[in-house]
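Contents: one structure, followed by commentary.
Proteins get letters first, then strands, A, B, ... in listed order; numbering begins at 1 in each. Basis for what follows: all heavy atoms, side chains included, without hydrogens, waters or symmetry-related copies.
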There are 2 protein chains.
Amino acid sequence: MKATIYDVSRLSGVSTATVSRAFSAPGQVKEDTRRRVYEAASALKYTPNAIARDMALQRSNRIAYLICKRQATILDEFYAGICEGIMRRANALNLQLIVSTADDWRQMAVNAQSKQVEGVILGGDAAPELVSEFQARNTFIVLVNNRMRGFDLPCVVADEREGIRLAAQRLHAAGHRRIALMMGGYSPYIVGERYAGFIEAMASLGLPVSDADVTMCDRSAASAAMSAMKLLSGPDRPTAVLAVSDVVAAGVMKAARRLGLSVPGQLAVTGYDDSAICNLLEPELTSVHVDVRRMGETAVDLLRQGMDGVQTPRITVIPTRLAERGTV
Amino acid sequence: MKATIYDVSRLSGVSTATVSRAFSAPGQVKEDTRRRVYEAASALKYTPNAIARDMALQRSNRIAYLICKRQATILDEFYAGICEGIMRRANALNLQLIVSTADDWRQMAVNAQSKQVEGVILGGDAAPELVSEFQARNTFIVLVNNRMRGFDLPCVVADEREGIRLAAQRLHAAGHRRIALMMGGYSPYIVGERYAGFIEAMASLGLPVSDADVTMCDRSAASAAMSAMKLLSGPDRPTAVLAVSDVVAAGVMKAARRLGLSVPGQLAVTGYDDSAICNLLEPELTSVHVDVRRMGETAVDLLRQGMDGVQTPRITVIPTRLAERGTV
DNA sequence: CCTTCCGATGCAAGCGCTTACATTCCATGT
DNA sequence: ACATGGAATGTAAGCGCTTGCATCGGAAGG
């Protein structure tokens with residue numbers, strides 16, 4: 001039913017080899033012949049069969065993006081952004097992309113092989129076993145938004161410390177001296193970096209950090225609001241909160257409203273991710289911006305290069321900046 | 001390098017045909033033989049090569065999800081939800097999924113063929129030419145969140161009218177008699193349905209609809225806020241606003257705050273989509289819930305069946321319900 | 001006019017799997 | 001002991017493409 005290279009060959013009166021070359025190496029075919037082939041092809045509505053091509057070339061051009069985080073999926077704007085970047089780049093580079101969340105990674109590692117996946121992008125924090133599994137099947141790996149010690153893998157991460165530093169600096173510039181950190185619900189790597197960034201920034205600003213001012217909560221706004229209530233209801237409360245995500249920041253703002261604290265008047269807040277909700281909150285949320293799409297694109301580029309045997313940098317850092325709005 | 005069916009065949013001492021059967025039709029192979037085959041396979045870390053299989057079987061098991069909406073992508077929570085459902089189901093049914101946004105659909109239609117795409121899910125409002133293009137290549141099509149007259153295509157849509165009706169009813173039950181509708185920025189189909197739903201609902205509640213109470217705005221919160229300012233600042237203002245999306249609702253709430261109107265005290269608001277932001281707004285937003293994931297899953301099921309030649313229903317309606325929170 | 005050489009083309013062998021058809025095996029029935 | 005049939009297995013021909021190598025044709029050089 002669908003036209004094959006044979007049909008084109010017959011109609012144009014040249015061999016299949018020539019037809020093949022006319023498409024994949026036009027330079028090797030005489031102008032005139034090439035034109036005849038193209039005519040025949042379009043008359044037959046012929047398009048090369050990518051599957052057969054892959055089969056013959058012994059490659060699959062397939063990559064996978066695994067989101068390794070409990071209940072974090074494409075619905076999470078952050079991962080969606082990365083995914084968006086990955087998709088775009090994959091399409092552009094003619095790579096098949098398989099996206100999967102982590103819940104079934106055990107099995108994923110297996111049919112990653114059967115699906116002939118040549119490279120895999122691991123988002124969130126991947127289990128070391130998973131990594132070994134892929135390495136054993138010598139599938140090329142790129143980490144995104146994570147780093148793993150013990151494994152020498154290329155990774156692309158945001159400049160977390162810088163992001164936090166920018167936020168802290170901004171708060172300091174606005175006159176805040178007592179700055180609290182609210183974090184939690186993220187991967188060890190992220191939590192680690194942001195915490196370290198906070199400590200560094202506070203030190204360089206010459207501000208003390210009290211243990212009471214570093215609070216853990218989970219990633220929901222409700223949980224954040226609860227923790228924030230506790231943090232903010234004391235008499236000697238911080239005047240600014242540096243939240244680990246926009247959702248947490250939203251929780252903090254809820255708590256502030258409940259306690260009758262005006263934002264930014266009596267309490268300044270910064271978020272992280274610069275997600276869509278920043279513009280919806282009242283006042284609009286100042287937040288650390290990361291170009292997630294670029295992270296995704298970079299990851300694919302790295303993967304592509306790695307698969308092609310090109311040497312790639314171990315660590316690619318995507319810059320962060322502060323998107324200033326109304327909460328400071 | 002990678003073990004093939006031949007290697008397994010040799011090691012286990014049976015023919016490749018038997019190995020093949022041991023994997024794809026275990027019932028046809030004697031218990032004992034099957035075990036030998038499996039042992040050999042796992043010794044060689046063999047996994048069937050899906051590409052070769054597809055090639056032999058003359059099918060690709062590839063489908064595509066095209067988001068046909070300017071600047072709406074996976075970043076839009078709504079589409080992300082559908083996409084999530086599609087991915088899950090596609091993975092479960094062992095289908096390759098290609099996700100692409102609409103900007104390059106022209107070319108997409110072409111390499112959809114070369115990539116051997118067997119079926120395509122069209123999200124948002126697709127161009128009729130696109131549809132014809134696919135039909136010409138006889139690629140099976142399923143529409144999601146849209147319907148197209150002139151084409152007899154299976155589609156899965158949410159029960160928009162019911163959703164609007166539920167919201168209107170709820171507002172009515174809370175004593176509101178002057179209910180405004182704020183909409184815009186969506187596809188003709190969605191706008192049409194929701195508008196019709198509004199008119200229907202108001203009629204059945206015995207409430208009059210004044211033209212002044214139906215406002216158009218685009219999909220951003222800022223635009224919505226502006227329109228809402230106008231709508232709400234007159235002396236004879238509506239007491240409730242039924243917004244076409246959560247973002248628009250957020251804009252309305254902003255306007256209300258700016259005008260000093262308390263929500264829900266002096267103004268009730270309902271949103272649509274029941275997205276993550278509902279819980280972040282203050283007060284939390286009452287919104288129409290749609291099981292988008294199920295929409296995606298259903299679309300894949302429909303596609304699968306269609307590709308298999310099974311007769312499928314023309315229209316699948318996913319029920320909607322009202323997620324009640326604090327803005328009514 | 002006849003080599004020489006190179007660009008253009010054709011030939012045919014795979015790539016790893018499935019499957020129709022042929023063959024072999026073995027448990028029955030007689 | 002032997003015919004018989006169904007179950008288990010083997011044989012080999014594809015699926016649509018690429019590509020190393022062989023072949024051909026014509027321009028350039030002698």
Side-chain angles (χ1 to χ4, degrees), chain A residues 1-38 40-41 44-62 94 96 111-118 137, chain B residues 1-41 44-62 94 96 111 113-118 137:
Chain A
M1 37 162 275
K2 237 167 197 168
T4 75
I5 205 171
Y6 284 96
D7 302 317
V8 179
S9 150
R10 205 172 318 124
L11 183 60
S12 60
V14 301
S15 74
T16 60
T18 303
V19 176
S20 170
R21 285 191 274 255
F23 282 101
S24 45
Q28 288 178 36
V29 147
K30 216 196 304 179
E31 161 76 39
D32 178 50
T33 323
R34 203 191 319 154
R35 226 198 42 250
R36 283 217 325 281
V37 170
Y38 288 166
L44 294 168
K45 287 181 178 308
Y46 166 81
T47 331
N49 180 327
I51 297 190
R53 196 210 293 281
D54 286 347
M55 161 110 251
L57 290 177
Q58 297 270 74
R59 56 148 166 62
S60 71
N61 277 334
R62 276 183 196 172
N94 240 291
Q96 291 299 309
N111 56 357
Q113 181 181 14
S114 108
K115 297 226 180 116
Q116 312 307 112
V117 167
E118 296 183 290
R137 294 178 153 78
Chain B
M1 39 163 272
K2 236 165 196 168
T4 75
I5 204 170
Y6 284 96
D7 303 317
V8 178
S9 148
R10 205 172 318 121
L11 183 60
S12 59
V14 301
S15 74
T16 60
T18 302
V19 176
S20 171
R21 285 191 275 254
F23 282 100
S24 44
Q28 288 177 37
V29 133
K30 216 199 301 179
E31 164 75 41
D32 177 51
T33 321
R34 203 191 319 155
R35 226 198 42 250
R36 283 218 323 281
V37 170
Y38 288 165
E39 271 165 17
L44 294 168
K45 286 180 180 306
Y46 166 81
T47 333
N49 180 327
I51 297 189
R53 194 210 293 280
D54 285 348
M55 161 109 249
L57 290 178
Q58 297 271 73
R59 55 145 166 66
S60 70
N61 278 333
R62 274 182 196 174
N94 241 292
Q96 291 300 306
N111 55 359
Q113 180 180 15
S114 106
K115 296 221 182 123
Q116 312 307 112
V117 167
E118 297 182 292
R137 293 178 153 79

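Residues A:I5 and A:F23 have side chains not in contact (no heavy-atom distance under 4.5 Å, counting atoms from C-beta outward).
Note on A:V14: only backbone sugar-phosphate atoms sit closer than 4.0 angstrom, heavy atoms only; bases stay farther off. In this structure, B:S20 reaches the bases: a heavy-atom distance under 4.0 Å links it to at least one base atom across the strands shown. Among the atoms of the strands shown, none is found under 4.0 Å from any heavy atom of B:F23.
Applying the 4.0 Å criterion to OP1 and OP2 of C:dC11, one finds that A:S15 has every side-chain N and O outside that range.
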Show me, pair by pair, the donor-acceptor contacts under 3.5 angstrom made by side chains of residues 11-19 of chain A, not counting sequence neighbours?
residue, atom, partner, partner atom, Å
A:S12, OG, A:V8, O, 2.7
A:S15, OG, A:A17, N, 3.4
A:S15, OG, A:T18, N, 3.3
A:S15, OG, A:T18, OG1, 3.3

Report, one line per pair, each donor and acceptor closer than 3.5 Å where one atom sits in a side chain of residues 51-61 of chain A; sequence neighbours left out.
residue, atom, partner, partner atom, Å
A:D54, OD1, A:R59, NH1, 2.6
A:S60, OG, A:R62, N, 3.1
A:S60, OG, A:Q116, O, 2.4

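One atom, CG of B:D32, and another, P of D:dA8, lie 12 Å apart when rounded to the nearest Å. Distance CE (A:M55) to C1' (C:dA13): 14 Å, rounded to an integer number of Å. Between the P atom of D:dG10 and the CD atom of B:Q28 lies a distance of 13 Å, rounded to the nearest Å. For the pair A:L57 CG and C:dA13 C1', the computed distance is 15 Å after rounding to whole Å. Rounded to an integer number of Å, the gap from A:D54 CG to D:dC15 P is 19 Å. Atom CD1 of A:I5 is separated from atom P of C:dA12 by 16 Å (rounded to the nearest Å). Distance B:I51 CD1 to D:dC17 P: 15 Å, rounded to the nearest Å. Per the geometry, CZ belonging to A:R36 stands 11 Å off C1' belonging to C:dT9, to the nearest Å.
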Between the protein and nucleotides 20-27 of chain C, are there any N/O to N/O pairs under 3.5 Å, and if so, what are the atom names and distances?
none

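Out of C:dG10, C:dC17, D:dT18, the shortest distance to the side chain of B:Y6 is found at C:dC17. Comparing atom distances between the B:P48 side chain and each of D:dT18, C:dC17, D:dG16 picks out C:dC17 as nearest. Candidate nucleotides D:dC17, C:dT18, C:dC17 were compared by shortest atom distance to the side chain of B:Y46, and C:dC17 ranks first.
A donor-acceptor distance shorter than 3.5 angstrom exists from the side chain of A:S24 to the backbone of A:S20, with no hydrogens or angles considered. Side-chain atoms of B:Y46 do not come within 3.5 Å of backbone N or O of B:K2 as any donor-acceptor pair.
Residue B:T33 is the one, among B:Q58 and B:T33, whose nearest nucleotide of DNA chain D lies closer to the 5' end (criterion: closest heavy atom).
Minimum heavy-atom separation, A:R34 to A:A22: CG-CB, 4.3 Å.
Salt-bridge annotation for B:R35 and B:E39: present, with a side-chain N of the basic residue lying under 4.0 Å from a carboxylate O of the acidic one.
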